[in-house]
2 protein chains.
Amino acid sequence: MDTGQMNVQRQNGVALWRQIADRIRTSIANGEYDETGKVPPEFALAEQFGVNRHTVRSALAALAQEGIVRSVQGRGTLIERKDRLNFPISQRTRFNQGIGDQAREKEGLLLHSAEEPATADLAARLKIKPGAPVIRLETLRKADRRPVSRSTTWFPADRFGGMTEAYRQSGSITVAFRTLGLADYLRVSTEITATHADNADLADLELSPGAIVLVAKALNTDTDGVPVQYAVSRFPADMVQFTIEN
Amino acid sequence: MDTGQMNVQRQNGVALWRQIADRIRTSIANGEYDETGKVPPEFALAEQFGVNRHTVRSALAALAQEGIVRSVQGRGTLIERKDRLNFPISQRTRFNQGIGDQAREKEGLLLHSAEEPATADLAARLKIKPGAPVIRLETLRKADRRPVSRSTTWFPADRFGGMTEAYRQSGSITVAFRTLGLADYLRVSTEITATHADNADLADLELSPGAIVLVAKALNTDTDGVPVQYAVSRFPADMVQFTIEN
DNA sequence: TATGGTTGTCTATATTAATAGACATTTGAG
DNA sequence: CTCAAATGTCTATTAATATAGACAACCATA
């Protein structure tokens with residue numbers, strides 16, 4: 001590509017070092033430095049982005065903090081981690097299945113659970129009466145020890161009262177549903193947006209401030225078309241992508 | 001909700017005023033201020049975010065620059081624009097159709113076109129030989145005068161040689177395909193990611209720095225399953241959402 | 001028309017981000 | 001062993017960001 005200065009914005013509320021860190025993180029995820037396994041030297045990056053070498057160093061320090069690179073004096077800045085998981089979205093979307101063999105170790109953690117009355121919006125989606133009891137689960141999913149999504153999930157309480165315990169034991173929604181007598185379920189709609197990470201994202205997903213999260217709102221029904229689950233999941237945008245196959 | 005201080009990060013490369021501007025923009029898009037049509041007073045926002053009033057003013061100035069709000073001395077800060085377009089993604093995904101009646105005025109602009117040899121990646125997706133000629137179109141789509149997407153689209157040149165002219169005249173891929181003898185086509189896969197807006201995004205989509213773009217990579221085939229089009233489209237994340245219906 | 005609520009403007013100060021240059025330290029290769 | 005190529009550290013300076021306080025200007029309405 002062009003070797004000249006490219007694409008950093010000044011004086012716009014996003015520090016240069018953060019813009020550069022984001023760009024390098026993306027380049028790593030895209031495999032642009034796969035041949036060497038190293039990020040280009042600091043002075044080369046400084047020239048490429050048209051900034052001072054110290055500014056590049058700030059960016060690399062941030063990436064080192066995230067565990068993505070490791071700088072070694074005399075050798076260079078080595079790439080430690082490089083991952084973008086692919087999530088297929090289909091009628092049979094399942095988290096664990098979707099990850100497939102992209103990760104060896106899969107984990108589902110229950111952060112919090114509660115029973116509460118359904119809001120108007122939620123009731124409309126689950127086709128229950130507003131104020132009817134629902135179970136809310138806050139979960140965190142990991143692949144190879146790295147957090148890949150944070151979800152808030154609601155179930156009609158009258159039908160899936162034991163969901164909290166079932167999920168805690170299995171760490172899987174699919175398994176929990178089966179335990180509660182629902183053998184199969186279908187994804188009927190998924191809404192996808194993107195936003196900046198909020199405080200909870202930063203903590204749970206181990207992100208750095210300014211990071212982007214992909215937000216997916218999903219509705220699942222049983223095979224008769226009765227809604228069984230509504231979920232809002234947040235994914236680190238630099239680690240995942242969604243694929244829709246028709 | 002809670003009235004106390006909430007959720008702004010200090011010293012992390014994203015200026016407070018920008019974080020606050022992003023939060024307010026999202027709140028507006030979510031309809032949180034619909035009752036009054038106004039953003040809360042500056043001092044109230046300052047207290048809510050735990051910052052100085054001047055910092056809030058910087059955030060509001062940025063939103064005014066984007067045309068989202070307008071401050072009137074003595075009255076308050078009025079909401080000028082509030083929109084989030086929904087894009088359904090299905091086997092028959094069509095831009096103009098998808099927008100439907102969400103916008104009155106739809107427009108497709110041709111920014112640039114060229115004929116060039118296919119890269120290895122592109123050739124694999126379009127199932128043609130690497131280096132075979134393809135037509136590349138850079139297009140900008142608008143709804144009600146606001147830019148909503150910026151796309152780079154490739155077509156096999158041997159089959160769709162007249163694409164540039166056909167698109168220029170109609171402003172629609174669907175119509176251009178029909179002109180060239182392709183009555184129907186199908187969306188077979190869509191990949192969705194998110195990233196920060198780059199310089200071209202800022203210019204073409206009229207965004208402010210630090211904004212987020214949703215990136216969709218789509219492959220279309222004819223009814224025989226032969227690839228006819230590969231496109232990479234970028235959407236302002238605070239203006240659009242994707243919906244997948246199964 | 002008087003008043004309370006709101007945005008606009010000004011001055012001053014402290015902290016953080018970015019630039020600039022010099023030189024030390026470490027590593028890998030010849 | 002020596003040298004080139006990296007990263008590490010230090011000092012100094014400028015620009016952008018954030019806080020603080022005071023007061024002016026304006027609008028709606030009671």
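The chains referred to below are lettered A, B, ... by the order of the sequence lines, with proteins before strands, and numbering in each begins at 1. Keep in mind that this is a model prediction, so the values were computed, not measured. Below, all heavy atoms of this structure are taken into account, side chains as well, without hydrogens, waters or symmetry copies.
A donor and an acceptor atom sit less than 3.5 Å apart, one in the side chain of Arg53(B) and one in the base of dG8(C). A donor N or O paired with an acceptor N or O is found under 3.5 Å between the base of dA25(D) and the side-chain atoms of Gln73(B). Scanning atom types as modelled, one donor and one acceptor separated by under 3.5 angstrom connect the side chain of His54(A) and the base of dG21(C).
At whole-Å resolution of the value, CZ in Phe43(A) and P in dG8(D) are 15 Å apart. To the nearest angstrom, C1' of dT19(D) lies 15 Å from CD of Glu42(B). Leu60(A) places its CG atom 9 Å from the P atom of dG8(D), with the value rounded to the nearest Å. Between the CZ atom of Arg70(B) and the P atom of dC27(D) there is a distance of 12 Å, given to the nearest Å. Between Lys38(A) atom NZ and dA5(D) atom C1' the separation is 9 Å, expressed in whole Å. In this structure, Asn52(B) places its CG atom 16 Å from P of dT13(C), rounding to the nearest Å. Glu47(B) places its CD atom 13 Å from the P atom of dA20(D), with the value rounded to the nearest Å. As rounded to whole Å, 11 Å separates atom P of dG8(D) from atom CG of Leu78(A).
Between dT6(C), dG8(C), dA18(C), one nucleotide has an atom nearer to the side chain of Thr55(A) than all others, and that is dA18(C).
Two end axes, each from the C1' atoms of five base pairs, can be drawn for the helix from dT1(C)-dA30(D) to dG30(C)-dC1(D); they diverge by 30°, to 10 degrees.
Applying the side chain to side chain contact (heavy atoms under 4.5 Å, CB included) test to Glu80(B) and every residue at least two apart in sequence or in another chain returns Arg70(B). Looking at residues two or more places apart in sequence or on another chain, you find a salt bridge (Lys or Arg N to Asp or Glu O under 4.0 Å) between Arg136(B) and Glu116(B), Glu138(B). Residues satisfying the side chain to side chain contact (heavy atoms under 4.5 Å, CB included) criterion with Pro41(A), sequence neighbours excluded, are Phe43(A), Ala44(A). By the side chain to side chain contact (heavy atoms under 4.5 Å, CB included) test, Arg125(A) pairs with Asp121(A), Glu191(A), Tyr230(A), sequence neighbours left out. Residues passing the side chain to side chain contact (heavy atoms under 4.5 Å, CB included) test with Ser151(B) are Thr139(B), Arg141(B), Ser149(B), Thr153(B), Ser233(B), sequence neighbours excluded.
The distance between the ring centers of Phe242(B) and Phe242(A) does not fall below 6.0 angstrom.
Along DNA chain D, the nucleotide nearest Arg75(B) and the nucleotide nearest Pro41(A) are compared for position; the residue whose nucleotide lies closer to the 5' end is Pro41(A).
Here Thr77(B) lies in heavy-atom contact (under 4.0 Å) with sugar-phosphate atoms only.
Considering all non-hydrogen atoms of both residues, Val134(A) and Pro117(A) come closest at CG2-C, 4.3 Å.
In this model, the phosphate group of dT7(D) is not approached by any side-chain N or O of Arg57(A) to a distance below 4.0 Å at OP1 or OP2.
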